[in-house]
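Below is one structure; the comments refer to it alone.
The model shown is predicted, which means the values in this text are computed figures rather than measured ones. First the proteins, then the strands, lettered A, B, ... as listed; each starts at 1.
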There are 2 protein chains.
Amino acid sequence: MSLILTNIEKHVQLTAEEKELFLSKTEIHHYKAKSILLNSGQICKYSYFVNSGILRSFNINDNIVEHVLSFACEGWWMGDMYSLISQKPGNLFIEVLEDAELVLLSKENQEQLYTEIPKLERFFRILTENSLVAHQDRLMDNLSLSAEERFDKFNKRYGNLTHKIPQKQIASYIGVTPEFFSKMKSRLLKK
Amino acid sequence: MSLILTNIEKHVQLTAEEKELFLSKTEIHHYKAKSILLNSGQICKYSYFVNSGILRSFNINDNIVEHVLSFACEGWWMGDMYSLISQKPGNLFIEVLEDAELVLLSKENQEQLYTEIPKLERFFRILTENSLVAHQDRLMDNLSLSAEERFDKFNKRYGNLTHKIPQKQIASYIGVTPEFFSKMKSRLLKK
DNA sequence: TTTTGCACTTAACCTAGATTAAGAAGTGAC
DNA sequence: GTCACTTCTTAATCTAGGTTAAGTGCAAAA
């Protein structure tokens with residue numbers, strides 16, 4: 001069975017017909033590494049589910065500095081939540097870090113599914129709740145932990161990514177410069 | 001009409017019977033300033049909606065330092081999302097900063113309402129989505145803005161609170177020490 | 001084969017914000 | 001009215017992490 005259905009069925013049970021209806025509203029696309037799925041200033045039209053590969057979302061502030069909001073690998077969802085719900089231009093970029101197979105669910109189809117299959121409204125509520133908890137957690141970590149401790153947490157959350165993505169992007173995720181990250185890493189190795 | 005129904009009807013329309021059913025599942029309570037609604041280590045059993053007064057949620061790390069996660073004043077919801085959805089002990093405190101009238105909605109009643117009035121599942125999905133966007137935003141701010149800019153943002157979000165709550169709690173919210181906040185404030189006044 | 005570009009490192013120097021400590025000023029309890 | 005308690009301020013000193021700059025290693029163009 002497809003990964004995305006397994007993912008959904010962790011929280012709600014669907015009938016065979018519902019599964020079929022759901023899948024009929026999605027599209028599968030393949031993207032090469034370095035593809036940009038969404039540019040800052042664009043309206044986000046899709047939720048993306050990762051069958052394989054790696055994505056990241058980030059923004060770029062005035063100082064031309066990138067800040068990574070999140071990574072998504074196999075089994076994770078990705079999107080610009082702000083733009084997706086408001087259908088206004090967002091300020092996130094979504095980029096493919098490693099060749100990816102994605103399930104695309106358009107905003108309109110998602111809304112239709114909420115009424116056609118109310119269980120999916122429940123599913124996305126739960127998904128959003130979990131994401132909210134994770135973001136609250138990370139926020140508190142950024143307020144109270146050192147860079148080293150934040151790196152620890154990153155490894156717990158995204159351990160499998162540590163050696164697959166450029167380390168400057170890990171630095172950006174935990175909120176330090178690549179230079180400091182490099183220094184910190186060599187300090188950690190000496191222990 | 002009660003504030004909480006107005007709040008709900010910003011996103012979904014309820015019939016008179018649904019409103020009645022909803023209200024029958026809630027309780028109104030009054031709390032004095034400094035009351036603790038939830039202690040770290042406890043299981044959060046209620047979502048709180050603020051009719052009047054001010055609440056704050058915070059945690060305390062090993063170093064005995066408080067970090068404010070959020071404030072809630074009139075028309076806002078409050079809870080320990082992690083504990084609420086997992087029904088496991090959380091690590092947030094919820095405290096009353098200013099005498100408050102609150103609407104309490106228990107976890108069980110909330111779950112019942114999701115099935116009795118599916119529109120409420122939609123409402124809480126949307127509420128959670130908006131909260132998620134706000135947290136993502138704040139996270140990016142903490143990664144990229146200076147303390148001064150974060151204070152600006154605080155004022156935009158919670159402007160009416162600036163002179164109602166101890167400034168050391170604003171400092172904690174934006175992630176600086178009270179001493180630094182004081183210094184920063186006097187620097188701002190000189191401009 | 002060379003060149004271009006990107007990821008990473010190292011090191012010297014810099015700064016936003018932390019820490020420590022002390023005092024001032026307000027607020028409430030008895 | 002005073003004692004206890006808390007918030008806020010000021011100032012000296014310290015440090016985690018930023019900045020600037022130079023250099024290395026490597027892979028993809030060309």
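When heavy atoms are screened at a 4.0 angstrom cut-off, B/Gln167 is found touching the sugar-phosphate backbone but no base atom.
For A/Ser182, the listed nucleotide lying nearest its side chain is C/dT9; candidates were D/dG17, D/dT9, C/dT9. Nearest to the side chain of A/Lys168, among C/dG17, D/dG17, C/dC8, sits C/dC8. The side chain of A/Pro166 lies closest to C/dA7, out of C/dG17, D/dC8, C/dA7.
Residues B/Phe71 and B/Leu37 are members of separate hydrophobic clusters, defined by side-chain heavy-atom contacts under 4.5 angstrom among Ile, Leu, Val, Met, Phe, Trp and Tyr. Under the 4.5 Å side-chain heavy-atom criterion for grouping Ile, Leu, Val, Met, Phe, Trp and Tyr, A/Ile126 is not connected to A/Trp76 through any hydrophobic cluster.
Rounded to a whole Å, the CD1 atom of B/Ile170 is 16 Å from the C1' atom of D/dT9. Taking atom NZ of B/Lys32 as the reference point, atom P of C/dG28 lies 13 Å away to the nearest angstrom. For A/Arg187 and C/dA11, the CZ to P distance is 14 Å, given to the nearest whole Å. For A/Phe180 and C/dG17, the CZ to C1' distance is 14 Å, given to the nearest whole Å. Summarising the geometry, the separation between NZ on A/Lys183 and P on D/dG18 is reported as 9 Å, rounded to the nearest angstrom. As a whole-Å value, the separation of B/Met184 CE from D/dA11 C1' is 18 Å. In this structure, NZ of A/Lys164 is placed 19 Å from C1' of C/dA7, rounded to the nearest angstrom. One atom, CG of B/Leu143, and another, P of D/dA16, lie 20 Å apart when rounded to the nearest Å.
Each of B/Gln169 and B/Glu179 has a nearest nucleotide on DNA chain D; the 5'-most of these lies closest to B/Gln169.
Put simply, B/Thr177 has a side-chain N or O that comes within less than 4.0 Å of OP1 or OP2 on C/dA18. In this model, the phosphate group of D/dT9 is approached by a side-chain N or O of B/Lys185 to a distance below 4.0 Å at OP1 or OP2.
Considering every non-hydrogen atom in both A/Lys88 and A/Ile43, the closest pair reads C-CG1, 3.6 Å.
Relative orientation of the A/Phe154 and A/Phe151 rings is parallel, given thresholds of 30° and 60° on the angle between their planes.
Between B/Lys19 and B/Glu9, at least one side-chain N (NZ, or NE/NH1/NH2) sits under 4.0 Å from a carboxylate O, which counts as a salt bridge.
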